[in-house]
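Each ligand, and each atom within it, is numbered from 1 in the order the structure gives. All residue numbers refer to positions in the sequence shown, counting from 1.
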Amino acid sequence: ENAAYQAEFDARIDAGATIEAKDWMPEAYRKTLIRQISQHAHSEIVGMLPEGNWISRAPSLKRKAILLAKVQDEGGHGLYLYAAAETLGVSRDELTEALLSGKAKYSSIFNYPTLTWADVGVIGWLVDGAAIMNQIPLCKCSYGPYARAMVRVCKEESFHQRQGFDALLAMMGGTEAQREMVQDAVNRWWWPSLMMFGPHDADSPNSGQSMRWGIKRISNDELRQKFVDATVPQAKVLGVTLPDPDLKWNEDRGHYDFGTIDWDEFWNVVNGHGQCNVDRLATRVKAWEDGAWVREAAIAHAEKQAAREKA
Ligand code: FAQ
């Protein structure tokens with residue numbers, strides 16, 4: 001019987017149809033989706049911290065309002081994605097436990113510090129830029145609830161990217177010290193942004209199967225290349241230098257060549273030893289503990305309500 005279900009599932013994947021929550025699916029497909037969607041959700045939630053750090057110090061009321069909206073969007077994306085993961089039969093509590101205990105992965109990029117206001121702009125420009133590049137193909141991934149969630153997330157992400165670019169453009173039109181601040185932030189965030197796309201295709205254990213299942217539509221290396229190609233002209237408009245002496249246009253390939261990524265740094269961060277891993281987790285654990293009274297109150301209220309309805 002399973003073989004018949006499997007054949008039908010394969011045929012639907014091959015036909016480009018979407019799989020829905022109540023459809024039969026192979027256990028490994030379910031597991032892979034839970035892994036990827038929950039890591040994505042954790043990334044959004046932890047991703048609120050580096051920029052959240054600057055809300056109280058934004059340089060103007062306008063920038064503060066924009067940043068508040070952006071960080072709130074990220075919280076929304078996280079909740080959206082947890083809900084998408086829950087359709088696969090995992091509970092929110094299990095996912096939260098996995099994040100807070102340090103078992104679950106989240107994007108390497110959020111383990112770097114935000115040292116100046118320019119970092120906030122660069123996160124919008126480069127980090128959201130990379131996130132969009134990776135997420136546009138996910139709008140067409142084979143799992144319906146994930147694909148549909150990504151449509152709205154990508155729209156908001158595109159506002160995030162533009163606000164970052166706009167903030168940097170304003171600084172580049174400012175004083176010499178401001179321009180230096182932007183360049184310094186670009187120097188620190190460029191390589192970590194390229195690492196967001198994950199290991200090279202040849203070193204990516206999950207890619208083959210995820211491409212076969214239509215979860216990934218474009219590979220890690222192809223997306224990274226598309227990101228570099230799109231970003232170089234933007235750097236020219238801004239007037240910043242990307243910190244890679246090997247970055248140059250390759251006429252034959254029709255793409256920019258770029259230097260070697262420091263994969264030791266990448267794995268070090270992924271394995272919990274980046275500059276901010278300990279701090280980020282501690283902040284999330286504290287937020288969870290500080291919120292205990294809210295959860296208790298909500299449960300008490302729900303119980304009271306239910307008892308009243310019965311009476
Ligand atoms: N960091 O075999 P692959 C955002 C892990 S955007 C940490 O290639 P896969 C928006 C990977 O999990 C950021 N770990 O894996 C925002 C796997 O480990 P596992 C979030 C990484 O899944 C912007 C192992 O390495 N976006 O939050 C990373 O096929 C600004 C081998 O790798 C998403 O999550 C990394 N960079 O491809 C918020 C997008 N790369 O699980 C705030 C959805 C790889 O086997 C501010 N996810 N690993 O133990 C994906 O598209 C994929 O999961 C990839 C990785 C492409 C990230």
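Using modelled atom types, no side-chain atom of Asn187 and backbone atom of Pro243 make a donor-acceptor pair closer than 3.5 Å. Side chain of Asp257 to main chain of Asn250: no donor-acceptor pair is present (N/O by atom type, distance under 3.5 Å, no hydrogens or angles). Judged purely by atom type and a 3.5 angstrom limit, Ser207 has no side-chain atom pairing as donor or acceptor with the backbone of Asp201. Put simply, the side chain of Arg280 gets close to the backbone of Tyr112: a donor and an acceptor are under 3.5 Å apart. Of the possible donor and acceptor atoms, one in the side chain of Gln225 sits under 3.5 Å from a partner among the backbone N and O of Tyr256. Panel note: side chain Arg224, backbone Met195; no donor-acceptor pair is recorded below 3.5 Å. A donor-acceptor pair is defined here as one N or O able to donate and one able to accept, closer than 3.5 Å; no such pair exists between the side chain of Gln6 and the backbone of Pro26. When atom types are taken as modelled, the side chain of Asp23 and the backbone of Glu20 share a donor-acceptor pair closer than 3.5 angstrom.
Using a 4.0 Å cut-off to heavy atoms of Val270, the atoms of ligand 1 that qualify are 7 (C), 14 (N). Counting atoms of ligand 1 from 1 in the listed order, those under 4.0 Å from a heavy atom of Gly198 are 40 (N), 44 (C). Near Val127, meaning under 4.0 Å from any of its heavy atoms, are these atoms of ligand 1: 23 (C), 30 (C). With ligand atoms numbered from 1 in the order given, ligand 1 contributes 36 (N) to contacts under 4.0 Å with heavy atoms of Met195. Set against the non-hydrogen atoms of Glu74, the atoms of ligand 1 under 4.0 Å away are 30 (C), 38 (C), 42 (C), 46 (C). Atoms of ligand 1 lying under 4.0 Å from at least one heavy atom of Tyr146, given by number and element, are 43 (C). Contact atoms of ligand 1 toward Ala131: 6 (S), 10 (C) (distance under 4.0 Å to a heavy atom of the residue). Those atoms of ligand 1 with a heavy atom of Met196 less than 4.0 angstrom away are 6 (S), 36 (N).
Of the heavy atoms in Pro199, only side-chain atoms (C-beta onward) come closer than 4.0 Å to ligand 1. At a heavy-atom distance under 4.0 Å, only side-chain atoms of Asn134, from C-beta outward, approach ligand 1. Only the side chain of Glu51 comes within contact range of ligand 1, with a heavy atom under 4.0 Å; no backbone atom does. Proximity of Val269 to ligand 1, defined as any heavy-atom pair under 4.0 Å, is not found for any part of the residue. Counting heavy atoms closer than 4.0 Å to ligand 1, residue Phe197 contributes backbone atoms (N, CA, C, O) but none from C-beta onward.
The shell of residues lying under 4.0 angstrom from ligand 1, judged by heavy atoms, includes Glu157.
Counting protein heavy atoms only, atom 26 (N) of ligand 1 is closest to His40 CD2, 3.6 Å. The nearest protein atom to atom 55 (C) of ligand 1, hydrogens excluded, is given as Lys216 NZ, 4.2 Å; this is a heavy-atom distance. Of the protein's non-hydrogen atoms, the one nearest atom 5 (C) of ligand 1 is Lys105 CD, 4.0 Å. In terms of protein heavy-atom proximity, atom 12 (O) of ligand 1 is nearest to Gln39 OE1, 2.9 Å. For atom 45 (O) of ligand 1, the closest non-hydrogen atom on the protein side is Asn206 ND2, 3.1 Å. The single protein non-hydrogen atom nearest to atom 22 (O) of ligand 1 is Arg35 NH1, 3.0 Å, given as residue, atom name and distance. Closest to atom 24 (C) of ligand 1 among all protein heavy atoms lies Trp267 CH2, 4.0 Å. Scanning the protein heavy atoms around atom 48 (N) of ligand 1, the nearest turns out to be Phe266 CZ, 4.1 Å.
Backbone and side-chain nitrogen or oxygen atoms of Ser210 are examined, and none is located within less than 3.5 angstrom of a nitrogen or oxygen of ligand 1.
Under the 30°/60° scheme for interplanar angles, the aromatic rings of Tyr5 and Trp24 are found to lie parallel.
Exactly one residue among Asn268, Asp262, Asp264, Val270 makes a side chain to side chain contact (heavy atoms under 4.5 Å, CB included) with Phe266. That residue is Val270. Of the residues listed (Glu296, Glu303, His301), the one engaging Ile299 in a side chain to side chain contact (heavy atoms under 4.5 Å, CB included) is Glu303, and it is the only one.
Looking at Ser193, Ser108, Pro205, Ser204 and measuring to atom 31 (C) of ligand 1, the nearest heavy atom belongs to Pro205. Counting heavy atoms only, Ser43 comes closest to atom 27 (O) of ligand 1 of the residues Gly129, Ser43, Ser38.
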Going through the distances and angles, do Lys105 and Arg35 end up as a side-chain contact (heavy atoms from CB on, under 4.5 Å)?
CA-CA 9 Å; Lys105 288 193 172 73; Arg35 177 184 64 79; over 6 Å; no
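With values rounded to the nearest 0.5 angstrom, Arg284 atom CZ is found 6.0 Å from Leu49 atom CG.
Between Arg30 and Glu27 there is a salt bridge, with a side-chain nitrogen of the basic residue lying less than 4.0 Å from a carboxylate oxygen of the acidic one. Comment: Arg152 engages Glu156 in a salt bridge, judged by a side-chain N to carboxylate O separation of less than 4.0 angstrom.
Counting only heavy atoms, the protein gets under 4.0 Å from atom 42 (C) of ligand 1.
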